[in-house]
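These notes concern the structure reproduced below.
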Amino acid sequence: MRYAINNSNKNTPPLGNLERKGRLTVIGSGPGDKELITLKGIKALKTAEVVLYDALVNKELLEFAPNAELIFVGKKKGCYSFQQEQINELIVERGQLGKHVVRLKGGDPYVFGRGAEEMEFAAERGLKVDFVPGISSSLSVPGSQHIPVTKRGSSESFWVITGTTKEHKLSNDIALAAQSSATVVILMGMSKLPEIMELFKVAGKAETPVAIIQDGTTKREKIGIGTVASIESKAREQQLSNPAIIIIGEVVRHREQLMALAKKQELETNLK
């Protein structure tokens with residue numbers, strides 16, 4: 001079966017030209033702050049007739065779709081309003097009625113967001129599909145706390161890894177990443193924090209800096225800073241839990257350095 005992807009990037013060639021009934025637009029809403037969605041995402045929301053949105057989406061963004069049917073399909077650990085198969089069928093059901101369905105997801109839907117799977121499912125069943133990228137939490141949440149994922153002299157590369165695979169096991173890539181000098185950013189890893197830190201200890205990284213940022217870029221944001229050896233106790237003290245991002249690497253020191261400089265400048269200003 002031939003199907004077309006109506007990508008918003010004009011430089012990307014379509015895979016066929018067959019007319020379809022209804023369409024799906026998958027939109028990344030960014031890490032949580034409502035101002036971090038793209039203008040293209042807002043434009044698409046304004047034309048939506050149905051919006052299926054996730055748990056990590058800032059609900060204030062739904063105001064940009066005043067005429068749409070709003071359906072919460074969010075999934076959190078141990079709590080599912082809809083199974084993934086049901087979400088797929090709901091997209092197609094509404095789309096085959098000739099409606100513009102928006103699938104609104106947190107972060108970027110192509111980064112552990114299952115956006116590609118949903119688009120493929122819809123396209124195979126006759127819907128036109130579009131994709132609007134979002135700002136990935138894996139980069140923006142550390143950045144919002146002054147932690148760059150790369151920094152000259154500290155890190156030449158970075159890994160972005162899921163802490164938990166679809167089999168609910170620890171990703172094998174984490175052990176590989178622990179052997180490198182790269183920054184390691186782990187999503188969905190809080191339930192396996194002890195196992196993750198143990199892999200880094202085995203790799204001789206016990207004193208490597210670690211940051212955990214919960215509910216990044218929102219008013220509920222919390223952060224814990226420590227080392228591979230100490231971060232578990234820090235997480236318990238500060239009651240850090242999902243949704244959170246774990247950042248492991250020398251780049252975490254940049255935040256402390258920047259804050260020290262800011263404090264020094266403030267002190268110098270007060271002395272004048």
Side-chain angles (χ1 to χ4, degrees), residues 28-38 54-58 105-113 133-164 170-171 173-174 176-193 196-197 199-200 203 205 207-232 234-235 237-263:
S29 68
D33 183 338
K34 69 174 184 179
E35 294 183 351
L36 292 179
I37 192 173
T38 64
D54 281 348
L56 297 181
V57 167
N58 188 323
K105 291 174 167 284
D108 184 281
Y110 278 1
V111 182
F112 305 126
I135 298 175
S136 175
S137 59
S138 61
L139 307 181
S140 58
V141 168
S144 71
Q145 281 289 343
H146 307 300
I147 300 173
V149 294
T150 63
K151 183 183 179 183
R152 191 166 56 173
S154 297
S155 175
E156 299 173 356
S157 58
F158 61 92
W159 295 61
V160 178
I161 310 174
T162 178
T164 307
L170 191 67
S171 171
D173 284 348
I174 294 176
L176 296 174
Q179 301 294 326
S180 76
S181 60
T183 303
V184 182
V185 180
I186 302 174
L187 284 65
M188 300 173 285
M190 287 301 289
S191 65
K192 299 191 180 299
L193 185 62
I196 294 168
M197 293 305 113
L199 289 174
F200 279 83
K205 304 282 184 67
E207 297 308 312
T208 299
V210 180
I212 296 175
I213 307 172
Q214 177 183 328
D215 290 311
T217 77
T218 73
K219 295 177 181 178
R220 304 178 303 279
E221 186 175 60
K222 294 164 66 177
I223 182 168
I225 302 288
T227 64
V228 167
S230 68
I231 195 63
E232 289 178 64
K234 296 280 186 182
E237 288 170 11
Q238 296 179 236
Q239 298 182 319
L240 297 171
S241 61
N242 282 317
I245 292 176
I246 305 166
I247 307 103
I248 308 166
E250 293 300 321
V251 291
V252 173
R253 299 188 195 279
H254 176 77
R255 180 178 185 272
E256 184 180 352
Q257 293 164 355
L258 203 61
M259 291 177 70
L261 286 170
K263 187 174 182 180

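All values below come from the heavy atoms of this structure, side chains included, with hydrogens, waters and symmetry mates left out.
- A donor-acceptor distance shorter than 3.5 angstrom exists from the side chain of Ser155 to the backbone of Thr183, with no hydrogens or angles considered.
- Remark: Glu250 CD is packed, more than 12 non-hydrogen atoms of other residues, nucleotides or ligands lying under 6.0 Å away.
- Ile223 contributes atom CD1, which lies 4.5 Å from atom CD1 of Ile147 (distance to the nearest 0.5 angstrom).
- When all heavy atoms of Phe158 and Leu139 are compared, the pair lying nearest together is CE1-CD2, 3.7 Å.
- Judged by distance alone, with hydrogens and angles left aside, the side-chain atoms of Asn58 form no donor-acceptor pair with the main-chain N or O of Asp33 at under 3.5 Å.
- Applying the side-chain hydrogen bond (donor to acceptor under 3.5 Å, both in side chains) test to residues at least two apart or on different chains, the pairs with a partner in residues 209-222 are Gln145-Glu221.
- Each of Val210, Val141, Ile212, Ile213 was checked for a side-chain contact (heavy atoms from CB on, under 4.5 Å) with Ile247, and the lone residue meeting it is Ile213.
- The backbone N or O of Ala178 sits less than 3.5 Å from a side-chain atom of Lys205, completing a donor-acceptor pair.
- Although no hydrogens or angles enter the test, the distance criterion places no donor-acceptor pair under 3.5 Å between the side chain of Asp54 and the main chain of Leu56.
- Using a 4.5 Å heavy-atom threshold, the side chains of Trp159 and Leu176 count as touching.
- The side-chain heavy atoms of Phe200 and Ile248, taken from C-beta on, include a pair separated by under 4.5 Å.
- The distance from atom CD1 of Ile174 to atom CD1 of Ile196, rounded to the nearest 0.5 Å, is 4.0 Å.
- When all heavy atoms are compared, the tightest approach of Val57 to Gly106 is CG2-N, 3.8 Å.
- Considering only heavy atoms from C-beta on, Arg255 comes within 4.5 Å of Ile225 through its side chain.
- Here the shortest heavy-atom pairing between Met197 and Val228 reads O-CG1, 3.5 Å.
- In terms of modelled atom types and a separation under 3.5 Å, the side chain of Ser171 and the main chain of Gly163 share no donor-acceptor contact.
- Separating the NE2 atom in His254 from the OG1 atom in Thr150 is a distance of 10.5 Å, to the nearest 0.5 Å.
- Between the side chain of Lys234 and the main chain of Gly226, no donor-acceptor pair closer than 3.5 Å is present.
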How far apart are the C-alpha atoms of Leu170 and Leu199, what are their side-chain angles, what is the distance that settles it, and do they pass the side-chain contact (heavy atoms from CB on, under 4.5 Å) test? CA-CA 11 Å; Leu170 191 67; Leu199 289 174; 3.6 Å; yes
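- To the nearest 0.5 angstrom, Leu36 atom CG is 4.5 Å from Ile135 atom CD1.
- The minimum heavy-atom distance between Val251 and Ser154, with the atom names listed, is CG1-CB, 4.2 Å.
- Side-chain contact between Thr38 and Pro133 is absent, with no heavy atoms from C-beta onward closer than 4.5 Å.
- In terms of modelled atom types and a separation under 3.5 Å, the side chain of Thr164 and the main chain of Met188 share a donor-acceptor contact.
- Between atom CD1 of residue Ile186 and atom OG of residue Ser138 there is a gap of 12.0 Å, rounded to the nearest 0.5 Å.
- For CD of Gln239, the number of neighbouring non-hydrogen atoms (other residues, nucleotides, ligands) closer than 6.0 Å is 12 at most.
- Taken from OG in Ser140 to CG in Asp108, the straight-line distance is 10.0 Å, to the nearest 0.5 Å.
- A 6.0 Å sphere centred on NZ of Lys34 holds no more than 12 heavy atoms belonging to other residues, nucleotides or ligands.
- Here the closest heavy-atom approach between residue Ile245 and residue Ser137 is recorded as CD1-O, 3.1 Å.
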